Student: 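Here you go, one structure.
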Protein chains: 2
Amino acid sequence: MVSTPARPQRSDARRNQQSLLDAAGAVFVRAGIDAPVREIAREAGVGTGTIYRHFPTRADLVVAVFQHQVDSLAAVGDDVALRDWILRFADFLVTKHGLADAMASDRVGFERLHAGFVVRLEPICARLLGVEVSAGRMRDDVRPLELMRAVGNLCIGAEGDDEYDARRMIEVLLRGLTA
Amino acid sequence: MVSTPARPQRSDARRNQQSLLDAAGAVFVRAGIDAPVREIAREAGVGTGTIYRHFPTRADLVVAVFQHQVDSLAAVGDDVALRDWILRFADFLVTKHGLADAMASDRVGFERLHAGFVVRLEPICARLLGVEVSAGRMRDDVRPLELMRAVGNLCIGAEGDDEYDARRMIEVLLRGLTA
DNA sequence: ACCATAAGCGGAACGCTGTTCCGTTTTCAA
DNA sequence: TTGAAAACGGAACAGCGTTCCGCTTATGGT
């Protein structure tokens, strides 16, 4: 469905896009996922308008920044079982300075992030869950998407709150799924 | 710690405070918990400044609006067991047009809502959980606050999303807590 | 090497938010 | 009735994501 464009992207555009991805990655680590777009633009040495020439929405930039790590997580699905994979998924969400929080914050941003992350990972989760169900180790009445949503939700607000351990709650949830 | 004020509240102040509580309740139902303060003020027929004379923060107004229902929920703890009480707690969060979402949205607002709701309900949850643990029906390694946080998180984004059933995930979580 | 053209850029401007500030109005007790 | 204190209304502020548009810059044809 993607037609080859008449002309390729201009060189400065390509350079700026990469700068933005690098800058956003750095700023997200330093100031959290909810850092203002102006700060990302400044870090990249571009104007704010340039962000929106490359990414339709702030959420799309977030998705692009973590694309590689999401791909890695998808690949890990070939080597580990459901439990370990879920815990890695949780680690990813928690350690990225409020990624889970950002997903839950506003309705419209959620759609973008959901499309970028969960939809990508859902097949992997489905396969791993299928393995457990087939082996009789887990119940068959929970869909992979539900599971991922639940795990994602449990990760919210977990960073920097020593009263709440998301990992432990996820383990409890997984225990509740055993057949 | 609350000293009796030299003079009681002025009559118009008392009236406006009640108007604000009523208006906020109506607006929250109509437009969700994240409705703008200006809309609440307009509905109440007051200026925006008046809101802040009565409630230090938007989140405090939210807490005040739902205070009665939180009290009811606390009272219900005398009549039902943990499982039912948790499900009622979840119903409360889900049906209030994104209360759970609002709690997770921003860090500072969360503190207020947490103080207003969770701290109030924590003793009830603790007692009910204690009953289950003493009866040997549940594990003793989960603290009531963790449980409430987890349940609250599972409720996020549940309203109007037919792909995700928070109640079911909460039941799975509870199943994971059985001894 | 030049130049026309279109792609890309920067940042001011817009619309929205919660919150603060302050001149005006209202209440209440003396 | 009146003066002082309390409360009010809404303009103003700061910060957000996003849009817009005049200017700059890269690029393919000459």
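None of these values were measured; they are calculated from a predicted model. We name chains A, B, ... by the order of the sequence lines, and we start the count at 1 in each one.
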Student: Give the rounded distance in Å between these two atoms: CD1 of A:I51 and P of D:dG17.
Tutor: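 The distance from CD1 of A:I51 to P of D:dG17 comes to 9 Å, rounded to the nearest Å.
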
Student: In whole angstroms, how far is the P atom of D:dA11 from the CZ atom of B:R42?
Tutor: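 These atoms are roughly 14 Å apart.
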
Student: So, B:R58 and B:D34, do they make that salt bridge, N to O below 4.0 Å?
Tutor: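 Answer for the salt bridge query: no.
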
Student: What contact category does B:A35 fall into here, base, sugar-phosphate, or nothing, at under 4.0 angstrom with non-hydrogen atoms?
Tutor: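 Counting heavy atoms under 4.0 Å across all strands, the contact made by B:A35 is with sugar-phosphate only.
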
Student: Nearest-Å distance, CD1 (B:I40) to P (C:dC16)?
Tutor: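 After rounding, the gap between these two atoms is 17 Å.
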
Student: How many angstroms lie between NE2 in B:H54 and CZ in B:R14, if you round to the nearest 0.5 Å?
Tutor: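 Output value for this atom pair is 11.0 Å.
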
Student: Please confirm whether the shortest side-chain N or O distance from B:T50 to OP1 or OP2 of D:dA7 is below 4.0 Å.
Tutor: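 So the side-chain polar atoms of B:T50 never come under 4.0 Å of the phosphate oxygens OP1 or OP2 of D:dA7.
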
Student: Would you kindly give the CD-to-P distance between B:E39 and D:dG10, to the nearest whole Å?
Tutor: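 Going from CD in B:E39 over to P in D:dG10 covers 17 Å.
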
Student: Quickly work out the B:R15 CZ to D:dC8 C1' distance and round it to whole Å.
Tutor: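 Nearest whole value for this atom pair: 11 Å.
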
Student: Nearest to the side chain of A:T48 - D:dG17, C:dG11, D:dA26?
Tutor: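 Between D:dG17, C:dG11, D:dA26, the one nearest the side chain of A:T48 would be C:dG11.
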
Student: What is the distance, to the nearest angstrom, from the CD atom on A:E111 to the P atom on D:dG17?
Tutor: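 My rounded result for the distance is 19 Å.
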
Student: Taking only N and O in the side chain of A:H54, is any of them less than 4.0 Å away from OP1 or OP2 of C:dC9?
Tutor: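 Looking at the OP1 and OP2 atoms of C:dC9, one of them is under 4.0 Å from a side-chain N or O of A:H54.
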
Student: Map A:G47 and B:D34 onto DNA chain C by nearest heavy atom, then report which one ends up closer to the 5' terminus.
Tutor: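 Upstream on the strand: A:G47.
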
Student: Given atom CD of B:Q9 and atom P of D:dC8, what is their separation to the nearest angstrom?
Tutor: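 For the pair B:Q9 CD and D:dC8 P, the rounded distance is 8 Å.
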
Student: Rounded to whole angstroms, how far apart are CZ on A:R112 and P on D:dT18?
Tutor: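 Roughly 9 Å, once rounded to whole Å.
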
Student: Start at the 5' end of DNA chain C and walk down; is the nucleotide closest to B:R10 or to B:R58 reached first?
Tutor: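 Here B:R58 is the residue nearer the 5' end.
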
Student: Before accepting this row, confirm whether a basic side-chain N of the pair A:E171/A:R83 lies closer than 4.0 Å to the acidic partner's carboxylate O.
Tutor: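 Looking at A:R83 together with A:E171, the answer is yes, because their closest N to O distance falls below 4.0 Å.
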
Student: Using a cut-off of 4.0 Å on non-hydrogen atoms, how would the nucleic acid contact of A:R14 be classed: base, sugar-phosphate, or nothing?
Tutor: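 Counting heavy atoms under 4.0 Å across all strands, no contact is made by A:R14.
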
Student: Kindly point out which of C:dT19, C:dG10, D:dC8 is positioned nearest to the side chain of B:R38?
Tutor: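 Between C:dT19, C:dG10, D:dC8, the one nearest the side chain of B:R38 would be C:dT19.
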
Student: Could you work out which one of D:dG9, C:dT19, C:dT17 sits closest to the side chain of B:Y52?
Tutor: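 Closest nucleotide to the B:Y52 side chain: C:dT19.
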
Student: Applying a 4.0 Å non-hydrogen cut-off, can you work out what A:S11 is touching in the nucleic acid: base, sugar-phosphate, or nothing?
Tutor: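 The residue A:S11 makes sugar-phosphate contact but no base contact.
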
Student: Are A:Y164 and A:L173 grouped together when hydrophobic residues (ILVMFWY) are joined by side-chain heavy atoms under 4.5 angstrom apart?
Tutor: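 Looking at the clustering, A:L173 is in the same group as A:Y164.
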
Student: Check whether any side-chain nitrogen or oxygen of A:R53 sits under 4.0 Å from OP1 or OP2 of D:dT19, and answer yes or no.
Tutor: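 Indeed not, no polar side-chain atom of A:R53 lies that close.
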
Student: Could you check which of C:dT19, D:dC16, C:dC9 has an atom nearest any side-chain atom of B:V37?
Tutor: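 For B:V37, the side-chain atoms sit closest to C:dT19.
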
Student: Test: side-chain hydrogen bond (donor to acceptor under 3.5 Å, both in side chains). Region: residues 40-53 of chain A. Which pairs qualify, not counting sequence neighbours?
Tutor: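 Sorted pair list: A:R30-A:E43.
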
Student: Under 4.0 Å from OP1 or OP2 of C:dC9: is there any side-chain N or O of A:N16 that close?
Tutor: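 For A:N16, the contact criterion (side-chain N or O under 4.0 Å from OP1 or OP2 of C:dC9) is met.
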
Student: So does B:D165 pair up with A:R149, basic N to acidic O under 4.0 Å?
Tutor: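 Salt bridge: no.
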
